[in-house]
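All values derive from a computational prediction rather than experimental measurement. Atoms within a ligand are numbered from 1 in the order they appear, just like the ligands themselves.
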Amino acid sequence: MRLNTLAFCTAMGSVLALATPPAMAQAPETPAGREALTVLQEAVAIPTVQGRGQVPVLAAKLKARLLDAGFAEDEVTFVPQGETGYLLARYPGRDRKAPVTAIIAHMDVVEAKPEDWERDPFNPVIEDGYLFGRGSLDNKAGLSIVTATMMKLRREGWVPAHDIVLGFSGDEETQMATTAAMASAIVQEAGKVDLVLNADSGGGTLDEAGQPFVYEVQAGEKTYADYKLTLTDPGGHSSRPGATNAIAAMSAAMEKIWAYKFPVTVSPLTKAYFESSVAAAPAEVAPAMRALIADPTDAKAAATLSARPEYIGLIRTTCVPTMIEGGHAPNALPQSVSANVNCRIFPGTSRAKVQETLAQVIADPEITCAFQDNGTLESIESPLRSDVLKAVEVAVHERAPGLSIVPGMSAGATDSMHFRSKGIPAFGVSAVFMEPKDEFAHGLNERLPLATLDPAVKQWETLLRTLLK
Ligand SMILES: [Zn+2]
């Protein structure tokens with residue numbers, strides 16, 4: 001995934017006057033930008049969808065390119081895992097024993113059905129200043145930009161302060177089993193990982209005039225959780241209703257969950273986000289943001305923000321009924337009803353705690369509540385590190401002077417969670433800048449504006465040269 005962030009939702013709607021970038025519909029001109037495009041076209045042409053066994057094919061192409069740029073054979077390793085796998089590449093630094101910096105991206109993509117697309121999703125086509133194709137954005141853009149940057153730096157003979165480990169996973173969009181294995185392998189081999197930079201989240205938003213509007217550093221993700229609620233009843237003939245009805249009882253439980261508001265949480269990340277974005281926030285919500293920064297217990301301010309779908313997730317855990325199923329005949333009392341409640345849990349709160357709260361809110365001992373394990377982990381926020389934010393600022397301001405940089409939290413999960421859960425700070429620092437209207441990750445006709453490639457490679461280069469000088 002890439003954008004899909006809570007922070008971004010709030011950033012639309014007004015225009016900031018900033019330095020004018022070049023027209024937004026052009027092919028890359030720098031050698032590294034052109035190389036990023038070549039790698040991207042090659043990657044999009046390989047359908048790395050789950051089950052097709054193509055991730056090793058892409059990994060082999062990436063490895064060949066890295067070797068060509070000066071990486072040694074034993075520095076680049078593909079580790080197969082079933083039909084997929086992950087690629088690791090080690091870039092040696094001056095202090096070989098110091099904790100490493102990991103740079104991650106993913107090689108797999110979400111399925112795309114050619115009959116639904118206007119163009120073949122796995123034939124990368126350039127049109128109107130865009131590259132079209134599945135993965136052109138998520139996450140083969142990040143993958144290609146990072147690869148081209150590392151190739152450039154290696155060819156130039158740059159030596160970072162300490163080792164960099166590139167880690168490209170092979171099932172981020174599905175099980176994240178390669179991510180889990182990759183995170184463990186990096187930690188085991190390196191001894192200590194100081195920092196993770198993820199090319200698959202964060203990034204820049206352009207306004208309708210194609211001008212940079214805001215840049216987000218992703219520092220946290222909400223925990224995803226589904227709970228299945230079930231209620232059974234003896235049932236019977238509908239002409240002879242008794243004291244209980246499973247559908248009515250489950251409906252009452254759903255009403256209670258819908259009405260319940262989890263406590264307001266103002267974490268360091270929320271606070272930093274409000275502080276850096278309040279100046280550009282809509283006039284109706286800016287005072288509430290200021291009030292919550294000053295006093296996280298301000299109920300009126302919390303109510304104002306909670307009334308808006310784009311803000312509620314920033315300050316609370318949310319749980320909503322999403323599916324319900326029950327009954328078996330029009331003329332029978334229902335014997336069984338089940339419902340799904342989907343929660344987006346604030347980092348730092350456990351799924352068990354939320355389950356407990358749901359049970360208390362429902363207050364019906366007949367209804368069972370079961371957590372549905374989908375393999376995701378409980379999220380924690382990365383503490384905002386000043387050296388990282390400073391280096392991001394230097395790199396972003398080089399292409400967009402004065403642009404506001406906000407720390408943000410995603411509503412969904414990325415590979416970063418497998419590092420954060422090991423206590424390693426991870427930050428989403430995608431260098432792709434695009435308009436929200438161009439955002440089709442996971443969707444039809446996914447595309448990348450080509451004009452973002454030159455400055456994106458430069459952004460990664462400056463970020464690394466600043467952070468690891
Ligand atoms: Zn992704």
Side-chain angles (χ1 to χ4, degrees), residues 1-8 36 39-40 43-44 46-52 54-55 58-59 62 84-87 102-112 121-122 124 131-147 166-180 182-183 196-205 216-224 344 374-377 379 408-420 426-434 436 438-449 452 456 460:
M1 76 143 9
R2 194 188 85 103
L3 304 177
N4 187 26
T5 60
L6 297 164
F8 270 21
V39 177
L40 177 58
V44 169
I46 303 170
T48 50
V49 171
Q50 183 184 32
R52 296 203 205 173
Q54 294 295 301
V55 167
L58 173 56
L62 292 167
T84 177
Y86 59 92
L87 186 70
I103 300 176
I104 60 171
H106 64 88
M107 297 184 282
D108 60 305
V109 294
V110 172
E111 179 64 273
F122 300 109
L131 179 89
F132 287 85
R134 169 59 84 225
S136 56
L137 173 62
D138 184 10
N139 177 226
K140 286 173 174 173
L143 185 76
S144 307
I145 291 163
V146 162
T147 301
L166 277 187
F168 296 155
S169 62
D171 64 342
E172 192 269 353
E173 301 288 6
T174 50
Q175 276 75 35
M176 290 193 183
T178 62
T179 318
M182 181 176 89
V196 170
L197 301 172
N198 190 344
D200 189 32
S201 56
T205 301
E216 190 219 317
V217 177
Q218 196 250 45
E221 293 163 2
K222 289 185 108 175
T223 302
Y224 181 104
R344 306 300 171 117
N374 71 344
T376 56
L377 303 174
S379 296
M409 179 166 64
S410 293
T414 70
D415 281 343
S416 290
M417 76 178 175
H418 284 274
F419 292 89
R420 291 193 183 118
F427 300 95
V429 290
S430 163
V432 171
F433 277 55
M434 63 198 300
D438 289 336
E439 169 68 45
F440 293 101
H442 296 200
L444 291 177
N445 306 315
E446 186 177 348
R447 63 189 185 177
L448 182 80
T452 206
W460 271 103

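Here Asp200 meets the criterion, with an N, O or S atom under 2.8 Å of the Zn ion (ligand 1). Not one N, O or S atom of Glu173 sits under 2.8 Å from the Zn ion (ligand 1).
Looking only at N/O/S atoms, Asp138 comes nearest to the Zn ion (ligand 1) through OD1.
Between the side chains of His106 and Asp415, not a single donor N or O lies within less than 3.5 Å of an accepting N or O.
Considering only residues two or more places apart in sequence or on other chains, Arg447 meets the salt bridge (charged side-chain N to carboxylate O under 4.0 Å, His left out) condition with Asp438. Considering only residues two or more places apart in sequence or on other chains, Gln54 meets the side-chain contact (heavy atoms from CB on, under 4.5 Å) condition with Ile46, Pro47, Thr48, Arg52, Val57.
Across every non-hydrogen atom of Tyr86 and Thr178, the tightest pair is CD2-O, 3.7 Å.
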